[in-house]
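One structure is given below, encoded as structure tokens.
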Amino acid sequence: RVELVESGGGSVQAGESLRLSCAVSGYTYTGYCMAWFRQAPGKDREGVAYIHTDDANTFYDNSVKGRFTISQNDAKTTLYLEMSDLKPEDTAMYSCAAAASRGCRLRGLAEYSYQYWGQGTQVTVSP
């Protein structure tokens, strides 16, 4: 059974940094993707960043490019999202996701590319 558990959220001021973690267990697929999504109140969930689990290539939404960094540990048991220069518009519930098919390599920021989801961790950025 695949289980994803996020941690590291919190309340910060604009310009500050946070690091989110996602503990991964039971995920035995190789060559697919893991990602971070976020959902602000009243808005659809959107893809923030994703990583190929085999070659560690990373991809970002334009809204976070240059500020956020997605990574994984060598054992692929933890997914990270380093967030810097946070802005109030980054306020959202952040969730990690894992894919069970190679379609994620073409549509890695699309919600439908992922089959496994964590419960989320809240990030709040004040002006």
- Query: Is there side-chain contact between Trp36 and Glu6, with at least one heavy-atom pair below 4.5 Å?
  - Reply: yes
- Message: Any heavy-atom pair between the side chains of Arg45 and Trp117 that's under 4.5 Å?
- Response: yes
- Message: Working to the nearest 0.5 angstrom, can you tell me the gap between Leu81 CG and Met34 CE?
- Response: 12.0 Å
- If you count the non-hydrogen atoms of other residues, nucleotides and ligands that lie under 6.0 Å from CD in Gln119, is the total more than 12? no
- Task: With rounding to the nearest 0.5 Å, note down the distance linking OG in Ser84 to CG in Leu18.
- Result: 10.5 Å
- Task: Report the residues that fulfil ring pair (Phe, Tyr, Trp, His ring centres under 6.0 Å) with Tyr114, sequence neighbours left out, ordered by chain and then residue number.
- Result: Phe37
- Query: Is the backbone N or O of Val125 less than 3.5 Å from a side-chain atom of Thr91, with the two atoms forming a donor-acceptor pair by type?
  - Reply: yes
- Message: As an exercise, state the distance from CD of Glu111 to CD of Glu46, rounded to the nearest 0.5 Å.
- Response: 11.0 Å
- Message: Quick one, Ile51 and Lys76 - any side-chain contact, counting heavy atoms below 4.5 Å?
- Response: no
- Met83 side chain reached by Val12 side chain, heavy atoms, under 4.5 Å: no
- Task: Return yes when atom CZ of Arg105 has more than 12 non-hydrogen atoms of other residues, nucleotides or ligands closer than 6.0 Å, and no otherwise.
- Result: yes
- For the residue pair Tyr116 and Tyr27, does the interplanar ring angle fall in the parallel (under 30°), tilted (30 to 60°) or perpendicular (over 60°) class? perpendicular
- Go through the structure and list residues passing salt bridge (charged side-chain N to carboxylate O under 4.0 Å, His left out) with Asp74, not counting sequence neighbours. none
- Query: How long is the span from the CG atom in Leu86 to the OG1 atom in Thr124, to the nearest 0.5 Å?
  - Reply: 10.5 Å
- Item | Pairs satisfying disulfide bond (SG atoms under 2.5 Å apart), at least one member in residues 82-127, at least two apart | Cys22-Cys96, Cys33-Cys104
- Message: Checking Glu82 now: which residues fulfil side-chain hydrogen bond (donor to acceptor under 3.5 Å, both in side chains) with it, not counting sequence neighbours?
- Response: none
Kindly list each side-chain donor-acceptor pair under 3.5 angstrom involving residues 60-72, sequence neighbours excluded, with atom names and distances?
unit_1	atom_1	unit_2	atom_2	d
Tyr60	OH	Ile70	N	2.9
Asp61	OD2	Ser63	N	3.0
Asp61	OD2	Ser63	OG	2.5
Asn62	OD1	Lys65	NZ	3.1
Ser63	OG	Arg38	NH2	3.4
Arg67	NH1	Asp85	O	2.9
Arg67	NH1	Asp90	OD2	2.8
Arg67	NH2	Ser63	O	3.0
Arg67	NH2	Asp90	OD1	3.0
Arg67	NH2	Asp90	OD2	3.4
Gln72	NE2	Thr53	O	3.2

- To the nearest 0.5 Å, atom CD of Gln115 lies from atom OH of Tyr29 at 7.5 Å
- Note on the structure: So CD of Gln122 and OH of Tyr94: to nearest 0.5 Å the spacing works out to 9.0 Å
- Residues passing the side-chain hydrogen bond (donor to acceptor under 3.5 Å, both in side chains) test with Arg19, sequence neighbours excluded, are none
